[in-house]
2 protein chains.
Amino acid sequence: MATLKQVAAHAEVSVQTVSNALNAPHRLRPDTLARVNRSIELLNYRPNRNARSLRTSAVELIGYCVPSWPNRTHLVMDQFLHALCAAAESTGRHILLFTAPPGVDGMSVYDDLHARRLVDGFVLSQTETRDPRHGWLKEQEIPFVSFGRVWKESTQPGPWVDVDGAAGSGLAVRHLHETGRRRIAFVGWPKTSGLAEDRLDGWRTACDSLGLPTAGLSIHCSEDTLDEGARATAALLDSPEPPDGFVALSDILALGALREVTRRGLTPGVDLGITGFDDSPMAEVVSPGLTSLRQPMDDIAAELITILTDPPAGPTERLLLPELVVRGSTAPG
Amino acid sequence: MATLKQVAAHAEVSVQTVSNALNAPHRLRPDTLARVNRSIELLNYRPNRNARSLRTSAVELIGYCVPSWPNRTHLVMDQFLHALCAAAESTGRHILLFTAPPGVDGMSVYDDLHARRLVDGFVLSQTETRDPRHGWLKEQEIPFVSFGRVWKESTQPGPWVDVDGAAGSGLAVRHLHETGRRRIAFVGWPKTSGLAEDRLDGWRTACDSLGLPTAGLSIHCSEDTLDEGARATAALLDSPEPPDGFVALSDILALGALREVTRRGLTPGVDLGITGFDDSPMAEVVSPGLTSLRQPMDDIAAELITILTDPPAGPTERLLLPELVVRGSTAPG
DNA sequence: AGACTGCATTTTAACGTTCAAACGTCTGCG
DNA sequence: CGCAGACGTTTGAACGTTAAAATGCAGTCT
């Protein structure tokens with residue numbers, strides 16, 4: 001394994017000159033640069049990252065805690081991680097995974113990773129209401145950025161990137177409206193999570209602005225399962241004025257709705273329209289395909305990495321728009 | 001940020017003694033050790049990993065390439081990554097993520113990460129038939145271990161851990177048999193992949209040993225979708241002697257089977273039994289729940305890390321048994 | 001008493017890199 | 001001709017750690 005020293009000897013220059021050839025090539029005379037580069041190539045030299053990090057005290061590694069608790073994000077976690085990796089790599093960085101207990105208990109792990117110089121900073125996800133991590137990291141002056149707002153908190157401690165759930169619901173409502181639906185229901189969770197409330201608000205706002213009814217068209221599911229989605233859908237279909245469009249808060253609930261609708265002999269995409277959220281892998285493999293709101297993972301990841309590694313002067317709160325992926329479940333009726 | 005030097009000064013010993021207190025405590029007199037430890041605690045000292053790695057030329061980081069191509073493993077990737085992280089951490093190591101083009105094109109990325117000392121070795125997954133990575137890494141003498149056998153290759157280049165798909169099919173068949181099923185079908189893919197062939201063989205072997213029929217009870221799906229699973233199931237149900245048990249090669253195909261069965265007014269778990277593979281998150285949220293073969297992720301991860309970091313003298317090929325997670329889709333009929 | 005042994009600790013040097021300062025050479029200008 | 005400044009390159013030191021060798025000291029054996 002070649003070192004700077006060996007390259008320097010080969011190119012007949014000093015060690016520092018080789019270092020400059022890599023980190024500040026403009027400082028070298030063109031002919032020297034060419035000669036050094038030839039030697040680098042010839043010896044197949046690769047800078048030792050540990051030595052570099054020791055000297056500069058920057059490891060170019062970003063910590064990400066792999067979630068251990070069942071959660072909606074899991075279904076698209078591979079997409080997220082891939083995007084995050086790619087974004088990090090485009091700046092010469094990499095992602096370091098670790099596990100930590102949720103909440104305050106996990107903070108010692110974050111602290112340790114940073115203190116031992118395994119990472120420069122963190123990308124947080126699985127943000128919870130009143131998440132304690134943000135305040136703690138800010139206090140320790142450890143760089144971080146959060147995927148997901150901290151809901152129910154008056155002051156926003158630290159930068160975040162999130163997807164505009166309200167706008168997503170709006171997209172779904174308008175799409176259903178354009179495909180001829182006139183009574184559009186919302187199948188959600190209780191308002192306990194900011195996420196649920198956000199998406200519910202978006203549905204109501206969009207319906208209002210289109211002059212569509214909302215009364216009696218919103219229903220809560222107690223858990224994120226097909227059964228619950230089906231139960232809620234059944235209840236709505238059994239009402240005196242049943243809806244012909246369903247905006248479900250998750251793909252799972254939407255699949256439940258699809259099942260119930262099909263069970264009743266109705267055809268999704270013909271008799272009524274159904275949309276989900278997050279465009280999980282399931283949306284593609286069911287039939288008819290489920291129209292769903294895709295999170296713009298590449299943009300999210302790029303923003304996260306940018307904010308973390310090269311913080312812009314302006315505001316560091318980014319709300320990105322989801323993208324409606326249209327499939328058979330919302331064919332024009 | 002405290003350094004060894006500062007701790008040494010505080011404890012009134014040499015720098016090396018503090019280093020020994022951490023890496024070889026048996027070398028210190030108990031009272032010295034206690035004194036040093038007190039100083040470490042007091043100054044909240046954490047060893048700088050970069051300096052350590054520079055000196056020892058071991059980074060305690062393991063590279064894992066996050067798959068970019070749609071694949072069955074994606075649905076359980078979060079489980080896998082969590083287990084892998086936890087296993088790595090139990091040996092003081094961590095997982096570094098990266099992206100690379102598939103096949104030979106990606107090898108330069110592996111090479112680079114290793115040459116620049118960002119990782120000590122690699123865990124491979126998404127192993128493909130005649131995967132070029134194994135041979136290449138072995139040639140470069142870069143440590144690695146593969147999750148998944150290299151199929152269709154006479155010599156096994158390098159250590160691997162895999163799940164015994166044939167045994168899994170066997171478990172499913174025997175379970176269906178115990179719950180009263182007597183004609184058990186296999187819903188699979190074409191024999192192009194080793195994985196598909198393995199699971200198919202297991203089904204056939206188990207049926208044979210139980211004296212169950214197999215003729216006309218195996219069917220291939222062209223892709224991994226609900227529609228294909230449903231189509232295959234329909235074809236089987238329409239045969240003169242329809243099966244009363246279905247071993248599907250994937251959860252997706254099994255869900256398709258569930259759908260078709262339900263559509264015909266039959267009740268899964270009552271009129272017939274259905275099993276899937278991999279115990280993806282979907283298996284739990286459908287109704288009835290899908291009986292599926294869970295991959296023992298914790299064991300897999302532990303084996304991978306052990307083989308990679310502390311290679312046992314004996315054979316380094318581990319075939320682990322999947323676990324049958326029984327749910328409503330195979331209630332006794 | 002002298003030599004040897006074993007243990008606890010310190011000293012020296014090195015891992016491979018980059019920063020800051022110093023150096024030598026060339027150029028332009030009064 | 002002498003000097004300032006710019007440019008390209010080198011020197012010296014440091015980042016924080018650990019391996020290996022050296023040191024000092026107490027106890028044991030002959």
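Order of the sequence lines sets the chain letters (A, B, ...), proteins ahead of strands, with each chain counted from 1.
Side-chain atoms of B:N37 and B:E41 form no donor-acceptor pair, as typed in the model, at a separation below 3.5 Å.
The shortest distance between the side-chain N/O atoms of B:S14 and the OP1/OP2 oxygens of C:dT9 is not below 4.0 Å. OP1 and OP2 of D:dG8 both lie 4.0 Å or more from every side-chain N or O belonging to A:R27. The shortest distance between the side-chain N/O atoms of B:T17 and the OP1/OP2 oxygens of C:dT10 is below 4.0 Å. Between C:dT18 and A:R52, a contact under 4.0 Å exists linking OP1 or OP2 to a side-chain N or O.
Residue A:T3 has its side chain nearest to C:dG16 when only C:dG16, C:dT9, D:dG8 are considered.
Rounded to whole angstrom, the span from the CD atom of B:Q16 across to the P atom of D:dT18 amounts to 8 Å. What separates CG of B:L4 from P of C:dC15 is a distance of 19 Å, to the nearest Å. For A:L33 and D:dG8, the CG to P distance is 11 Å, given to the nearest whole Å. Taking atom CD of residue A:E60 and atom P of nucleotide C:dT17, one finds them 15 Å apart after rounding to whole Å. Look at NZ on B:K5: it is 15 Å from C1' on D:dT18, rounded to the nearest Å. We find that CG of A:N20 is positioned 20 Å from P of C:dG16, with the value rounded to whole Å. One atom, CG of B:N48, and another, C1' of C:dT17, lie 14 Å apart when rounded to the nearest Å. Rounding to whole angstrom units, CG of residue B:D31 and P of C:dA8 are separated by 10 Å.
Looking at heavy-atom distances under 4.0 Å, A:L28 makes contact with sugar-phosphate atoms alone, never a base. At the heavy-atom level, B:N50 lies nowhere under 4.0 Å from the strands shown.
Inter-residue side-chain proximity for B:N48 and B:T3 is flagged as unmet; no heavy-atom pair is nearer than 4.5 Å.
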Pair B:D111, A:R46 - check side-chain contact (heavy atoms from CB on, under 4.5 Å), show working.
CA-CA 10 Å; B:D111 186 34; A:R46 319 290 179 87; 2.7 Å; yes
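Judged by distance alone, with hydrogens and angles left aside, A:R55 brings no side-chain donor or acceptor close enough to the base of C:dT17 to form a pair under 3.5 Å.
With a 6.0 Å radius and a threshold of 12 heavy atoms from other residues, nucleotides or ligands, B:Q140 has its CD atom above the threshold.
Toward the 5′ end of DNA chain C lies the nearest nucleotide of B:V15, the other residue of the pair B:V15 and A:T56 mapping further downstream.
A salt bridge is defined here as a Lys NZ or Arg NE, NH1 or NH2 lying under 4.0 Å from an Asp or Glu carboxylate O, and B:D162 with B:R318 fails to meet this definition.
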